[in-house]
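Step one of this worksheet: look at the structure below.
Please read all numbers here as calculations on a predicted model, not as lab measurements. As the structure lists them, so they are numbered: ligands from 1, and atoms in each ligand from 1.
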Amino acid sequence: MKTQLALPITKVQNSRLAETDFSNLVFGRTISDHMFVADYKDGAWSDMRIEPYAPLSLNPANATLHYGQSIFEGMKAYRNEDGKILVFRPDANWKRLNESADRMCMPEIPEEIFMEGLTQLIDLERAWVPTAKGASLYLRPFMFATDDYIGVKPSDTYKFIILTCPVGNYYSKPVSVKVETTFTRATEGGVGAAKTAGNYAASLYPARQAQKAGYDQLLWTDGKSHSKIEESGTMNVMFKISDKLITAPVNTGTILKGITRASVIQLAKDWNEPLEEKFLTVAELEAALIDGTLEEAFGTGTAATIAHIERINVNGKDYILPKKSEDAFSNRVLAELDGIKYGQLVDEHNWIITI
Ligand SMILES: *Cc1c(COP(=O)(O)O)cnc(C)c1O
């Protein structure tokens with residue numbers, strides 16, 4: 001074992017565990033008893049600690065409130081049959097957090113602080129990891145500016161916090177999506193590849209319009225021509241057309257580099273499934289929907305792992321996707337990922353850390 005970072009731990013007086021209804025968890029509503037906190041000042045992270053989850057005091061001049069220097073991550077911890085807690089690819093989340101930090105002029109967080117903060121917090125909150133099938137403990141690391149200064153510049157001080165939330169089985173119903181060709185999520189040179197707060201604030205209005213029209217989510221297209229499919233609200237998307245998987249490349253800086261996406265690509269490779277990272281045009285998508293060569297469409301992301309898409313609106317027209325068989329790629333890859341995450345299948349790629 002590596003040396004452990006000595007973290008002062010202040011425990012809650014009264015745990016909220018007993019009064020928490022684990023059979024009725026709404027995603028993101030229930031936060032566990034404790035949180036990990038670190039402060040950045042004078043060019044270094046300091047004062048790492050675990051303390052009771054509680055409100056922060058905030059100066060109204062706090063820079064984040066005005067200019068949005070704020071980034072986050074999302075991953076999950078799962079309970080296996082022996083009661084051990086398994087975390088899926090947290091090192092990838094750590095790397096991505098630092099990529100977001102770099103783009104937003106925020107300090108990087110050292111691997112040891114991230115991993116020790118995360119694992120010691122999970123260890124303390126073990127009882128909060130749900131036992132129900134498909135349930136998990138959602139982990140939310142985030143960082144934001146804390147300078148009290150109303151001037152546009154990178155903050156000199158930051159807070160890094162990790163919260164954990166028990167969440168239920170997210171196996172959502174298949175979703176219906178609308179290809180968005182008016183509003184833009186990200187453009188080249190922008191911040192689309194960073195998991196930063198403003199991206200989500202900017203997407204609320206177009207998403208609400210789509211929801212009013214009866215769709216669950218949007219399929220974003222590129223900001224320049226609105227002719228190429230990029231991704232969905234908090235998921236990357238994949239299509240299977242004429243037996244080949246297609247997903248957008250993530251080297252344009254406009255698409256979030258999903259860890260679920262990367263894991264699905266790895267498994268497709270392991271299984272010799274044809275897969276190409278290329279942009280699918282809206283016209284190609286519509287043609288494949290019309291001629292019946294579109295076999296599957298699904299989102300990939302931490303929340304749902306795989307979200308089947310059952311209806312797609314393209315240029316104002318609704319198309320219903322064919323029903324998926326049990327051995328459809330999206331079903332097989334979901335079963336494989338779930339098996340790995342819950343410790344029931346061999347973790348060949350060393351994706352899991354055990355606590
Ligand atoms: C977080 C996120 C994803 C999915 O990333 P995962 O690491 O697979 O959870 C995809 N797109 C956007 C915009 C996201 O915020």
Side-chain angles (χ1 to χ4, degrees), residues 27-28 68 70-78 87-101 103-104 114 118 136-143 163 165 167 170 172 175 177 180 183-188 190-207 210 216-223 228-239 247-268 277 279 297-309 330 333-334 336-338 340-341 349 351-352:
F27 187 91
S70 175
I71 57 175
F72 66 96
E73 273 303 325
M75 70 196 120
K76 283 178 171 176
Y78 307 83
V87 190
F88 187 71
R89 307 193 74 175
D91 50 316
N93 292 90
W94 165 69
K95 284 192 192 120
R96 188 171 66 188
L97 182 75
N98 281 344
E99 286 170 21
S100 297
R103 180 63 181 85
M104 304 308 291
F114 184 94
L118 188 75
S136 59
L137 188 69
Y138 182 75
L139 311 168
R140 167 52 62 89
F142 62 108
M143 189 198 299
L163 299 179
C165 330
V167 296
Y170 204 84
S172 43
V175 293
V177 297
E180 179 58 61
F183 296 103
T184 299
R185 177 185 175 274
T187 51
E188 286 186 28
V191 295
K195 230 170 160 73
T196 186
N199 282 334
Y200 305 86
S203 71
L204 295 176
Y205 180 83
D216 299 304
Q217 285 177 41
L218 294 174
L219 285 186
W220 293 106
T221 51
D222 67 290
K228 297 180 281 187
I229 308 287
E230 295 216 317
E231 63 169 322
S232 190
T234 55
M235 294 190 293
N236 297 103
V237 287
M238 294 196 182
F239 302 91
T247 190
V250 288
N251 57 6
T252 54
T254 57
I255 297 176
L256 211 287
K257 290 185 196 166
I259 294 159
T260 316
R261 173 190 179 278
S263 309
V264 170
I265 290 174
Q266 181 63 55
L267 292 174
E277 290 182 58
F279 283 108
F298 54 94
T300 69
T302 294
T305 305
I306 300 291
H308 297 290
I309 296 173
S330 50
V333 86
L334 175 59
E336 182 76 17
L337 284 170
D338 274 348
I340 295 169
K341 290 171 172 182
H349 297 286
W351 283 338
I352 296 294

Please state whether [X] comes within less than 4.0 angstrom of ligand 1, counting heavy atoms only.
{"X": "Met75", "value": "no"}
{"X": "Ser263", "value": "no"}
{"X": "Arg185", "value": "yes"}

Of Ile255, Thr234, Thr305, which has the heavy atom at the shortest distance from atom 4 (C) of ligand 1?
Thr234

Are the side chain of [X] and the backbone N or O of [Y] linked by a donor-acceptor pair below 3.5 Å?
{"X": "Ser232", "Y": "Leu219", "value": "no"}
{"X": "Asn236", "Y": "Glu231", "value": "no"}
{"X": "Thr196", "Y": "Ser70", "value": "yes"}

Contacts of type side chain to side chain contact (heavy atoms under 4.5 Å, CB included), residue Asn93, not counting sequence neighbours:
Glu73, Met75, Arg96, Phe114, Ile259

Closest protein heavy atom (residue, atom, distance) for atom 1 (C) of ligand 1:
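Result: Lys195 NZ, 1.4 Å.
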
To which protein heavy atom is atom 8 (O) of ligand 1 closest, and what is the distance rounded to 0.1 Å?
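The closest heavy atom on the protein side is Thr260 OG1, 2.6 Å.
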
Under 3.5 Å between any N/O of [X] and any N/O of ligand 1: does that happen in this structure?
{"X": "Thr300", "value": "no"}
{"X": "Gly301", "value": "no"}
{"X": "Thr302", "value": "yes"}
{"X": "Ser232", "value": "no"}

Considering the options Tyr205, Phe142, Phe72, which one meets the ring-ring contact (aromatic ring centres under 6.0 Å, His included) requirement together with Tyr200?
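Filter result, single survivor: Phe72.
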
Given the ring of Tyr138, does Lys76 sit roughly above its face, with NZ or CZ under 6.0 Å from the centre of the six-membered ring and within 45° of the axis?
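Not flagged: Lys76 not positioned over aromatic ring of Tyr138.
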
Under a 4.0 Å heavy-atom limit, does Leu256 contact ligand 1 with its side chain, its backbone, both, or neither?
side chain

[X]: numbered ligand 1 atoms lying under 4.0 Å from its heavy atoms:
{"X": "Arg96", "result": "5 (O), 6 (P), 7 (O)"}
{"X": "Tyr200", "result": "13 (C), 14 (C), 15 (O)"}
{"X": "Glu231", "result": "10 (C), 11 (N), 12 (C), 13 (C)"}
{"X": "Gly233", "result": "12 (C), 13 (C)"}

Ser136-Lys341 side chain donor-acceptor pair, cut-off 3.5 Å
no

Under the side-chain hydrogen bond (donor to acceptor under 3.5 Å, both in side chains) rule, what pairs show up with a residue in residues 257-267, not counting sequence neighbours?
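Residue pairs passing side-chain hydrogen bond (donor to acceptor under 3.5 Å, both in side chains), neighbours aside: Arg89-Ser263, Arg261-Glu277, Gln266-Asp270.
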
Lys/Arg-Asp/Glu bridge criterion (N-O < 4.0 Å) met for Arg185, Glu180:
no

Nearest 0.5 Å, what's the CD1-CD distance between Ile306 and Glu336?
11.5 Å

